Number of protein chains: 2
Amino acid sequence: MTINDIAALTGVAASTVSRALSRPDRVNRVTRERIQAAARELNYVPNTQAQALSSGRTETVALLVSDATNPFYFGLIRGAQQQLRAAGHALLLIDTEDSAELENHLLHKVRRSVDGVILAASRLPEQTLSVIAAELPVVTVNRNVPRVRSVVIDSPDGVMQAVEHLVSLGHRAIAYVAGPPSSWANEARWRAMRTAMARHGLTAARVGPFGVSRSSGSVAADALLNTGATAGVTFNDLLAIGILQRLAERGVDVPGEISVVGCDDIFGADFCSPPLTTLTAPIEQAGRVAVSMLLDHLEHLGETPSRQTVLLPTHLTIRQSSGPAPRR
Amino acid sequence: MTINDIAALTGVAASTVSRALSRPDRVNRVTRERIQAAARELNYVPNTQAQALSSGRTETVALLVSDATNPFYFGLIRGAQQQLRAAGHALLLIDTEDSAELENHLLHKVRRSVDGVILAASRLPEQTLSVIAAELPVVTVNRNVPRVRSVVIDSPDGVMQAVEHLVSLGHRAIAYVAGPPSSWANEARWRAMRTAMARHGLTAARVGPFGVSRSSGSVAADALLNTGATAGVTFNDLLAIGILQRLAERGVDVPGEISVVGCDDIFGADFCSPPLTTLTAPIEQAGRVAVSMLLDHLEHLGETPSRQTVLLPTHLTIRQSSGPAPRR
DNA sequence: CAATTAATGGCAACCGGTTGCCACCCGGTT
DNA sequence: AACCGGGTGGCAACCGGTTGCCATTAATTG
């Protein structure tokens, strides 16, 4: 079932078979149809390796996530997968285990076996990213680096909405519950929070950093309570859900005593207890857009892209974890 | 940065470079070290495609899931990913979108670009699976097919535990909320359920089939209530969580009026409302084991495997969605 | 009718490694 | 001195396609 078998069977040269299948207009109609029929009959599937070797294109894209079990990535993976399949490409999933070193190493390793990579939540320093982007098509998600294409979810804007929401409910002491320091989005959200607070003459407290797992939520919840804030905006939903659990354990009423706002609207945010008020992010769309940008980039290698970065809007979804500030 | 560049730089033949890197003992120590140093310096990474082409091994394994957003797979993906990385292999993730046809098509397409595949929740008929397994190393998850290696989570046993639990709480009318008919696990669970019920002289009701999404939960909840059962065992947690939501909407008290038991213990099962009593499955372990079996198979191609199928135990995790049967 | 051009298909090099086979060099034997 | 065998490294074929180039043939054109 190689190109040669088909060539032998149809009595033409291998090169003709190759053309009949990949450049149909380059070969005579009757010859082509004979070859295609034979290929179908023999159930021929071209060897990707061989194609990649000579053409230099692997039709494969790597998606690097920092933790494959983080529900945030589910949507991203899905969106990317959909768009890739539509284009006939394959998805190589890589879990960097939240380590910049491992990320760099793996990136280096797959460098030559993929056409491009999508970096979701890269932990790499800007400098390193630039270097990588220069030698390999890259699209980042939620990370802005000069001269690197990216799709970023506008959570800073969402954070502002969240602050407005909380302030309008009478909250004055609001804290930001920070995620990993190496996360670009984390800093962006914190800045947005301070800006929004300042607009009302308020200053935001900040606790953390915390890991992004539900278990970190316990520590975070205690730290949050300790600030005396009546509301907390968290780096992401995973952390927020962990906080809700801990608060329930400690018998703290949400939103009666304290309001909690998450970020991303991941799976589970709508059915945790109480359902989480959060910034709904178009995660799946982000995955699709990232792939589109990458594929577009691949087709116009060398050209300067029209849009370097796409900003996706978020909106606040109000559920039951936020409510009026408690009377003092 | 090809083998030839290194050859030129060190003044040896390309074949020697190849050997120095892949069969170190086949070349003299000083030559080898010189070559290795040069390789390191030039930051050489072998071209996977080229290696695959000549060696026939791609060091890549495909994982087929029926729906990448189903939290059940997160753990599986994670486990597989971990074990694969440890072995230096890459993971190709494929979403079959719950279609047997697409599954077959994609399987066929990647056939030659992976060393083997792991089929999580295959929708393919047994016959087709046998054919595929004959021409490609395959390990299935939660699916038992003669002559195909598999790792199956012993949820039937778990279902029996669940029935015992419910019966001991006084339930007599228990219904099974079925998942997709094409799911092998679905039938296995239903059989286990009937057996367990029969042991107590009871017969189980059955509703469904339902899709495995939370939204299907609404329909399922109504159907479940309609049977008059005081408890329901569901095909999986996703469905169970959907049911809980719908029941809450309808003002039905869980577990006061009806108990619900899920299956798998996915992300979210512990923090939904009420927290779900469910069969805790070692999902991540299943992923790891599946990969181990596959890699083991690859190393001993042609040999008859020692164990064709590995059965992983489950246990019942009791939370708040199950309780005593209501008095009539 | 000769000349130019377009369509078609074969040849062979190439992508970047891997590997069987052989030649060569060396020290050790007899 | 002739012989032997192990250690090394080069040659070249091969994996399965892709593609530039050229020869052949047919069709178009002045």
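This one's a predicted model, so the numbers in the text were calculated from it and none came from an experiment.
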Compute the angle between the rotation axes at the two ends of the helix from C/dC1-D/dG30 to C/dT30-D/dA1, each taken over five pairs, rounded to 10 degrees. 50°

Tell me whether B/T69 contacts the main-chain N or O of A/G75 through its side chain, where contact means a donor paired with an acceptor under 3.5 Å. no

Treating B/D296 as the side-chain partner and B/S292 as the backbone partner, does any N or O pair qualify as donor plus acceptor under 3.5 Å? no

Below 4.0 angstrom, which residues in residues 43-57 of chain B have at least one non-hydrogen atom near DNA chain D? B/L53, B/S54

Sorted by chain and residue number, the salt bridge (Lys or Arg N to Asp or Glu O under 4.0 Å) partners of A/E135 (sequence neighbours excluded) come out as A/R111

Just call it for B/R23: base, sugar-phosphate, or nothing, with non-hydrogen atoms closer than 4.0 Å on any strand. sugar-phosphate

So what does A/T2 hit on the nucleic acid, given a heavy-atom distance under 4.0 Å: a base, only sugar-phosphate, or nothing? sugar-phosphate

Does B/S18 reach a base, just sugar-phosphate, or nothing at all? Heavy atoms under 4.0 Å. base

Considering every strand and a 4.0 Å limit on heavy-atom distances, what is the contact class for B/V12: base, sugar-phosphate, or nothing? sugar-phosphate

Please state how far atom CG in A/L21 lies from atom P in C/dG9, giving the value in whole angstrom units. 13 Å

For residues 93-100 of chain B, please give each side-chain donor-acceptor pair under 3.5 Å, one per line with the distance, not counting sequence neighbours.
unit_1, atom_1, unit_2, atom_2, d
B/D95, OD1, B/E97, N, 2.7
B/D95, OD2, A/R78, NE, 3.3
B/D95, OD2, B/A68, N, 3.1
B/T96, OG1, B/V65, O, 3.2
B/E97, OE2, A/R85, NH2, 3.4
B/D98, OD1, B/R123, NE, 2.7
B/D98, OD1, B/R123, NH2, 3.3
B/S99, OG, B/E101, N, 3.3
B/S99, OG, B/L102, N, 2.9

Tell me, which of residues 28-41 of chain A have any heavy atom that sits under 4.0 Å from an atom in DNA chain C? A/N28, A/T31

In the 5' to 3' direction, the nucleotides of DNA chain D bounding the stretch that comes under 4.0 Å of a heavy atom in chain B are D/dT8 to D/dG17

